[in-house]
Number of protein chains: 2
Amino acid sequence: MKFPKIPMAAINRLSIYIRALEELEEQGIKVISSERLAKQCGVNPAQIRKDLAYFGEFGVRGVGYRIEDLIREIKEILGLDRTWNIAMIGVGNLGSALIRHGNFIKHGYVFAAAFDIDPHKIGKRLPNGLIIHHIDDLEKVVKECDIHIGVIATPASAAQSVANQLIIAGVNGILNFAPAQIQVPECCHVENVDFTIKLDSIAYHLSTSGT
Amino acid sequence: MKFPKIPMAAINRLSIYIRALEELEEQGIKVISSERLAKQCGVNPAQIRKDLAYFGEFGVRGVGYRIEDLIREIKEILGLDRTWNIAMIGVGNLGSALIRHGNFIKHGYVFAAAFDIDPHKIGKRLPNGLIIHHIDDLEKVVKECDIHIGVIATPASAAQSVANQLIIAGVNGILNFAPAQIQVPECCHVENVDFTIKLDSIAYHLSTSGT
DNA sequence: TTTGTAAAGTGAATTAAATCACATAAAGGG
DNA sequence: CCCTTTATGTGATTTAATTCACTTTACAAA
Ligand SMILES: NC(=O)c1ccc[n+]([C@@H]2O[C@H](COP(=O)([O-])OP(=O)(O)OC[C@H]3O[C@@H](n4cnc5c(N)ncnc54)[C@H](O)[C@@H]3O)[C@@H](O)[C@H]2O)c1
Ligand SMILES: NC(=O)c1ccc[n+]([C@@H]2O[C@H](COP(=O)([O-])OP(=O)(O)OC[C@H]3O[C@@H](n4cnc5c(N)ncnc54)[C@H](O)[C@@H]3O)[C@@H](O)[C@H]2O)c1
């Protein structure tokens with residue numbers, strides 16, 4: 001295959017495929033066809049084959065994909081053949097729930113540091129052992145802990161300033177939970193999570209389908 | 001305009017526009033052009049005009065959009081000219097953080113009931129006054145409280161069974177936080193929220209841009 | 001070894017979405 | 001009252017993503 005632009009949607013689907021493949025592997029299944037995998041993921045079989053074809057040939061014609069190998073290959077494509085250290089900014093309601101959550105570590109994401117601006121929280125120790133640092137120590141701690149991803153769980157009003165601090169500290173990947181549109185330079189990649197947009201979409205569907 | 005299929009992406013953008021418009025309104029601005037709004041939302045101006053054109057004509061040529069009116073119109077399009085009662089299923093880490101969060105009510109989403117299966121939690125009262133019901137009382141409570149949306153915040157292993165119960169209870173809108181692909185009938189609309197997919201996307205970008 | 005079959009890989013066709021570019025309409029000033 | 005400015009609304013165009021349909025290849029059974 002030549003040099004195609006890879007659709008972002010394809011990247012996101014790779015994550016979905018991994019989830020399904022890991023589940024199948026747990027069930028002891030060794031090999032799967034694009035057709036069966038597609039059914040499980042709710043997509044078109046050709047879609048799976050094309051998504052994978054952007055990166056190489058991973059299947060065996062007439063047989064299917066060896067699950068163990070495919071998981072490893074996709075993880076390599078996505079950069080998940082390593083762990084990623086994450087900084088949590090804003091240890092409130094949501095931030096502490098995320099840190100407490102055990103699922104991230106299973107996928108190689110490690111909360112390696114936490115930050116807040118509230119004097120009552122600074123210095124406190126979280127259940128998992130992390131100490132809450134002052135946001136002004138961000139740059140120092142990011143270096144020390146080799147952090148590459150920042151999660152913004154502050155109020156929306158602080159989101160842009162926190163993003164700026166992250167970028168100065170050399171963090172180029174941001175997961176933003178605040179309902180704010182943050183501006184970052186080219187080098188930085190931001191993903192936004194906004195539950196209310198999802199709820200709005202549900203509300204739209206319920207309204208238009210006569211419920 | 002005739003009868004175009006409306007892209008789902010357009011619906012999601014309407015939510016984004018509302019957020020921006022509400023912010024502008026707070027700043028005392030009355031009227032805005034598609035160009036300025038587009039800048040703020042990080043999209044193409046023609047995109048905004050086209051998205052709105054699916055539903056009618058809301059602007060004034062040569063002038064722009066009256067912000068107050070446009071907010072009202074978009075809310076009506078999305079079905080946000082009312083409140084929506086929500087049931088939280090699974091009052092754990094994440095579920096309780098969501099219930100505690102004040103932002104949903106501002107957008108007209110009300111947590112009207114909470115459910116769990118853990119005997120230690122059933123009957124307990126949450127900070128906001130809600131009592132945690134047993135999941136088996138779902139159908140009854142859904143009727144009593146006029147609930148139309150269910151939020152699944154249980155472990156992935158319980159997600160499908162909870163979804164089934166929601167549908168039997170007559171809930172046709174589901175926001176699913178569990179990392180599971182749930183199957184529902186045509187009449188039901190599901191939105192999935194999976195943070196690890198977003199993290200995977202960040203990892204991919206960091207890996208491929210030589211960081 | 002040969003042959004039948006299953007399923008990956010892929011160029012072509014289709015479908016969908018985003019953007020352009022211009023005709024159109026409102027507002028304001030001379 | 002007309003002319004200029006401005007920004008919407010939209011058909012045409014471009015770009016992107018998905019799906020189809022066929023070719024290729026590996027394997028297994030005879
Ligand atoms: N909690 C939820 O369920 C939920 C759901 C959707 C969206 N969100 C969004 O996530 C964000 C966090 O929500 P929350 O409920 O945890 O809020 P919260 O108020 O409980 O926590 C916010 C934390 O950020 C800290 N903070 C404020 N400014 C800061 C700064 N400049 N640097 C570092 N820390 C700072 C505060 O001290 C506080 O501890 C908000 O933007 C909210 O809109 C939350
Ligand atoms: N906490 C997070 O930050 C986070 C992040 C991403 C995804 N998730 C996902 O959200 C879900 C919930 O996460 P959590 O951290 O809150 O887990 P949790 O274990 O803290 O809470 C789950 C709750 O669901 C209840 N439950 C289990 N089976 C049930 C059933 N059949 N009916 C009703 N209630 C039931 C449990 O009793 C428990 O109270 C999980 O699927 C998790 O993977 C959580």
Side-chain angles (χ1 to χ4, degrees), chain A residues 1-17 20-21 24 29-74 77 197 201 204, chain B residues 1-17 20-21 24 29-74 77 197 201 204:
Chain A
M1 184 168 265
K2 31 185 211 299
F3 301 104
K5 289 174 296 293
I6 296 158
M8 188 45 49
I11 300 298
N12 289 313
R13 281 190 297 267
L14 291 184
S15 297
I16 311 257
Y17 303 157
L21 290 166
L24 291 163
I29 301 169
K30 298 285 181 216
V31 172
I32 193 163
S33 67
S34 60
E35 186 158 341
R36 286 235 293 131
L37 182 58
K39 182 111 69 78
Q40 175 144 350
C41 298
V43 303
N44 182 296
Q47 181 100 81
I48 292 183
R49 298 199 298 273
K50 187 136 278 190
D51 286 345
L52 293 172
Y54 290 125
F55 302 98
E57 304 193 5
F58 307 114
V60 182
R61 296 182 190 206
V63 178
Y65 299 92
R66 289 210 57 233
I67 289 178
E68 190 188 335
D69 294 351
L70 189 55
I71 289 174
R72 201 187 50 252
E73 295 282 6
I74 297 180
I77 291 166
I197 290 179
S201 167
Y204 171 77
Chain B
M1 185 168 263
K2 25 184 217 297
F3 302 103
K5 291 174 298 294
I6 296 158
M8 187 46 46
I11 300 297
N12 289 314
R13 281 191 296 268
L14 291 184
S15 296
I16 310 258
Y17 303 157
L21 290 165
L24 292 163
I29 300 168
K30 299 283 182 215
V31 173
I32 193 162
S33 66
S34 60
E35 187 160 340
R36 286 236 291 131
L37 182 59
K39 183 110 68 79
Q40 175 143 353
C41 298
V43 302
N44 182 297
Q47 180 100 81
I48 292 183
R49 300 200 295 275
K50 186 136 278 188
D51 286 345
L52 294 172
Y54 289 124
F55 302 99
E57 303 193 4
F58 306 114
V60 183
R61 294 182 189 206
V63 177
Y65 299 91
R66 290 212 55 234
I67 288 177
E68 191 189 333
D69 294 352
L70 188 56
I71 289 174
R72 203 188 46 252
E73 296 282 6
I74 296 180
I77 292 165
I197 290 178
S201 168
Y204 171 76

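Sequence lines set the chain letters: A, B, ... in the order given, protein chains first and strands last, and positions in each chain run from 1.
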*asked:* Side chain of Glu57(B), heavy atoms from C-beta onward: which of dT8(D), dA7(C), dG9(D) has the nearest atom to it?
replied: dG9(D)
_Residue Asn44(A), side-chain atoms from C-beta onward, closest of dA18(C), dC20(D), dT18(D)_ = dC20(D)
_Does a side-chain N or O of Ser34(A) approach OP1 or OP2 of dA7(C) to a distance below 4.0 Å, or not?_
no
*asked:* With a 6.0 Å cut-off (strictly less than), is the heavy-atom count around CD of Glu35(A), excluding the residue itself, greater than 12?
replied: no
*Let me know the distance between CD1 of Ile11(A) and P of dA16(D), rounded to the nearest Å.*
16 Å
*Could you tell me the separation between the CG atom of Leu52(A) and the C1' atom of dT10(C), rounded to a whole number of Å?*
13 Å
_Validation row: Ile74(A), Leu52(A) side chains within 4.5 angstrom (heavy atoms)_ = yes
*asked:* Counting neighbours of CZ on Arg13(B) that are heavy atoms of other residues, nucleotides or ligands and sit closer than 6.0 Å, is the number greater than 12?
replied: yes
*asked:* Please pick, from dT25(D), dC20(C), dA16(C), the nucleotide with the shortest atom-to-atom distance to any side-chain atom of Lys5(B).
replied: dA16(C)
*Take Val43(A) and Val60(A), find for each the nucleotide of DNA chain D with the closest heavy atom, and name the residue whose nucleotide sits nearer the 5' end.*
Val43(A)
*Write down the distance between OH (Tyr65(A)) and C1' (dT25(D)), rounded to a whole number of angstrom.*
13 Å
*Between Phe58(B) and Gln47(A), which is nearer to the 5' end of DNA chain D once each is assigned its nearest nucleotide?*
Phe58(B)
*asked:* Show, in sequence, the C-alpha distance, side-chain angles and deciding distance for Ile11(A) and Tyr54(A), and conclude whether the side chain to side chain contact (heavy atoms under 4.5 Å, CB included) test is met.
replied: CA-CA 10 Å; Ile11(A) 300 298; Tyr54(A) 290 125; over 6 Å; no
*Can you find a side chain N or O atom of Tyr54(A) that sits less than 4.0 Å from OP1 or OP2 on dA17(D)?*
no
_Length of the CD1-C1' vector between Ile32(A) and dA6(C), whole Å_ = 15 Å
_Integer-rounded Å distance: dT23(D) C1' and Arg61(A) CZ_ = 8 Å
*Between dA7(D) atom P and Leu70(B) atom CG, what is the distance in whole Å?*
16 Å
*asked:* Is it true that, when you exclude Gln40(B) itself, more than 12 heavy atoms of the residues, nucleotides or ligands shown sit nearer than 6.0 Å to its CD?
replied: yes
_Under 4.0 Å, heavy atoms only, any strand: does Arg13(A) hit a base, just the sugar-phosphate, or nothing?_
sugar-phosphate
*For atom CD1 of Ile48(A) and atom C1' of dT10(C), their distance in whole Å*: 16 Å
*asked:* Distance check needed: dC22(C) P versus Arg49(B) CZ, whole Å only.
replied: 14 Å
*Is a donor-acceptor contact shorter than 3.5 angstrom present between the side chain of Lys50(B) and the base of dT10(D)?*
no
*Ignoring the backbone of Pro7(A), work out which of dA7(C), dT10(C), dA17(D) is nearest its side chain.*
dA17(D)
